[in-house]
Every structure is written in C-alpha cells, then in structure tokens.
Amino acid sequence: MNNSNFQTLGEFIIDKQEDFSLSTGEFTRLLSAIRLAAKLVNKEVNKAGIANIIGAMGSENIQGENQQKLDVLANDIFINALTQRDVVCGIASEENDDFIIINNKKQDHQSKYVVLMDPLDGSSNIDVNVSVGTIFSIYKRISPVGSPVILEDFLQPGTEQVAAGYIIYGSSTMLVYTTGNGVNGFTLDPEIGTFYLSHPNMKIPEKGSIYSINEGNSKSFSPGITAYLEHCKSSENKKPYSARYIGSLVSDFHRNMIKGGIYMYPATESSPKGKLRLLYECNPIAFLCEQSGGIATDGTNRIMEIIPSELHQRVPVFCGCSGMVKDVMQLMEIHDNA
Ligand code: AHM
Ligand code: MG
C-alpha cells in the first residue's frame, strides 16, 4: 500500500487550525501531544502480554523496577506528554483523586485548556487480551488566564467541550475525535508510527440491531429497561437484536457507532447512580455520539447538559443510534414514571 496518498492526523490537525483565523496554535499542539501519548500507550499495551510473561518469570525491567500497572503507566504517559509541552493549565484523570494544576516551563499559568481523561478504560480486559481505550475531553478554562486552575474549570457541562475523543487499542489502533464539526477516525500504521485518516465524517446509523448492556445486573433494572430488553429480543423486530457486550466502553461504543447499536449502563443495586463517570467517560462519548448523529442521555436528561457537582461523579448512560435511544427512553417514560 502506498500510504503517501492518505492524509495523516498531523496534516489534518494543521488543516483544521487554518479554519480558525485567531488560532495561536496552542490547541494544535495540545492535539499533537495527545497523538504522541497515544502512540506511547499503544506500544505499552501491545507488549503487555509479553511483559506479563517476563514479569511472571521474576524478571525486573532494566532499571531494576517492578512492572508498573498499565493503567497507572498510561496515566503517567498522558500527564507527562501534556505537562512537558505547555499546552494545558490543568488535568483531571480518573486515576487521580484530585485535579492537577500545571504551570511548567511557561510561567504564570498562561495556558487556556484543561484536559479530563480516562487514561486506560476497561483495563481489567488487558489480562485477557481484549481491546481497551483512552478517553479524553478538552475544555477552555473559565478562571482567568494567569491564575492557577480551580475546580470549576473542570466542572463544566459537556456542552462546553472544545474537543473530545478516544483511542482504541484493538486489532488496529485508532484515534477518533471531534471538535464539534463531525467525527473523524484515524488508523495507526504501526510500522511507521503514523495515524492516517481512515474513517472521515463518521455517522452512526439511525437504527441498529445491537444492544450492549451487562445483563447480569438485570435483577436491578427498572421496569422500563426490562421492557426495552424484551423489545430487543422480540420478534416484533425483523429478527431479535444481537447482544454484544465487551465490557470495555470504548470498544462497545466504537462497534456500535460503526455498525449501529445502543450502549446502556443504567443504575444498578451496586452502582445506584450508574457506574460510568460523567466527566471522564460519559461527556466525551456523548459529544462523539451526538456529533455522529446519535443520542446520549441518562434516561431523562441530555448527558452533555448535566451540571457536574464533583470530579468523579457517576451517571446512568444510554447512548447510540437515535432510534434505539428514543425507544428505551419512551419505555422508561411509560413504565418507570407510573
Ligand atoms: P473502568 O473505568 O474501571 O475501566 O470501568 C469502566 C468500564 C467500561 O469500559 C465498561 O463498559 C464497564 O466498566 C463495564 O462494567 P461492568 O463490568 O460492570 O459491566
Ligand atoms: Mg473508565
């Protein structure tokens, strides 16, 4: 294959920068830092299996350190890539209790962007060789430039996102992102370490026939959700929908976006507010979902309009094809509000 015919992610980012006449290049450099961190995490994820074998044999790495857990390593890689380039003034991560104030080489807190991320979502899947992902979300700070970031810079509703995306470390590695003008997907050529535009202007089908939910929790589902699951399996549809649940949000959402489907994580007995995090998982996925033509809701509210009250807030989530999400919302309206 002659890859030189295809647009690279780097070229795409620069082309888009030219759309903003007042652009300072800071956002372009921020996306470039994420692209670099994605490649570094990809390298680590790909060697996870062999590292385990070496680890199991009692070996240490070259510095004599024990193997670091991959989600912690991914967190460090993203934080380092972002802090070393003066492209963000703060980071909040699913891996850290509190947000991080950044004021590195460029003094006086001059950067205007904050990044919120789940550096390695679904990391329990690593040991069984199943795809995992990084999810990120970018906002402009609301506190004045020149001062340290504050909690309110991170507690903005998803509608304020400047960009959001994910990296899926799968049978191939892809970076998928939006800046509010549609969704574009880039596939990594691992031989030369370059992401190429492979999925321009991604659109989720209006209707689909795949449903993704941890049905093991079904005893604690509301009557509306139970009715929707019956609908998924019923012969009212041309044929029953297919159940597909990887247990790795990025992989389940990515598949549903391409093939058409719905992802659901409702409130359960053990997670009464839902399991997934509003800021690190639901908002960025909701932005991508809407930008590709889908819907993302907590059952009643648009995910991106929820006003966050804490960094690690959890919410129920239903996202995917608009037709499917409308169906489950309608059944919840009928059965759960009675
Ligand atoms: P994590 O952030 O601890 O990895 O948890 C998030 C993951 C999602 O990727 C996935 O969809 C969900 O948790 C699976 O949860 P469950 O095992 O309860 O079905
Ligand atoms: Mg997660």
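Heads up: numbering here begins at 1 and tracks the sequence. In what follows, every heavy atom counts, from backbone to side chain, and hydrogens, waters and symmetry copies are set aside. Both ligands and their constituent atoms are indexed starting at 1 by order of listing.
The residues R314 and E281 are annotated as not salt-bridged, no charged nitrogen and carboxylate oxygen being separated by less than 4.0 angstrom. Taking the charged nitrogens against the carboxylate oxygens, E269 and K219 have no contact shorter than 4.0 Å, which rules out a salt bridge. With respect to E290 and R302, a salt bridge is recorded, a charged nitrogen being found less than 4.0 Å from a carboxylate O.
Among all non-hydrogen protein atoms, the one lying nearest atom 9 (O) of ligand 1 is D121 OD2, 2.5 Å. In this structure, the protein non-hydrogen atom closest to atom 14 (C) of ligand 1 is Y245 OH, 3.2 Å. Taking atom 18 (O) of ligand 1 as the reference point, the nearest protein heavy-atom neighbour is Y265 OH, 2.6 Å. Protein heavy atom nearest atom 3 (O) of ligand 1, with residue, atom name and distance: E94 OE2, 4.0 Å. Of the protein's heavy atoms, G122 N, 2.8 Å lies nearest to atom 4 (O) of ligand 1.
Contact annotation: for L249 versus ligand 1, heavy atoms closer than 4.0 Å belong to both the backbone and the side chain. Using a 4.0 Å cut-off between heavy atoms, L276 contacts ligand 1 through its side chain alone, with no backbone atom that close.
At the Mg ion (ligand 2), the vertex angle linking OE1 of E94 with OD1 of D121 is 150° (nearest 10 degrees).
Residues I258 and Y245 are members of one and the same hydrophobic cluster, defined by side-chain heavy-atom contacts under 4.5 angstrom among Ile, Leu, Val, Met, Phe, Trp and Tyr. Linking Ile, Leu, Val, Met, Phe, Trp and Tyr residues whenever their side-chain heavy atoms come within less than 4.5 Å places F186 and L31 in a single cluster. When the side chains of ILVMFWY residues are joined at heavy-atom separations under 4.5 Å, either directly or via intervening members, I34 and V176 end up in two distinct hydrophobic clusters.
D118 contributes OD2 as its N, O or S atom closest to the Mg ion (ligand 2). Residue E281 approaches the Mg ion (ligand 2) most closely through its N/O/S atom OE2.
The atoms of ligand 1 that sit less than 4.0 Å from any heavy atom of G247 are 9 (O), 10 (C), 11 (O), 14 (C). Using a 4.0 Å cut-off to heavy atoms of E281, the atoms of ligand 1 that qualify are 2 (O), 6 (C). Atoms of ligand 1 found under 4.0 Å from any heavy atom of N214, numbered from 1 in the order shown, are 16 (P), 18 (O), 19 (O). Interface atoms of ligand 1 facing D118, defined by a heavy-atom separation under 4.0 Å, are 2 (O). For ligand 1, the atoms lying closer than 4.0 Å to a non-hydrogen atom of Y263 are 10 (C), 11 (O).
Seen from the ring of F12, K16 counts as a face-on cation partner, given the 6.0 Å and 45° thresholds.
Two residues are said to be in side-chain contact when any heavy atoms from C-beta on lie closer than 4.5 Å; N201 and V183 fail this criterion.
Distances shorter than 4.0 angstrom do not occur between any heavy atom of D252 and any atom of ligand 1.
Using cut-offs of 30° and 60° on the angle between ring planes, the pair Y241 and Y211 is tilted.
Below 3.5 Å of separation, one finds an N or O of K275 facing an N or O of ligand 1. Ligand 1 has no nitrogen or oxygen under 3.5 angstrom from a nitrogen or oxygen of L120.
Across every non-hydrogen atom of A74 and L120, the tightest pair is CB-CB, 4.1 Å. Considering every non-hydrogen atom in both F154 and L116, the closest pair reads O-CD2, 3.8 Å.
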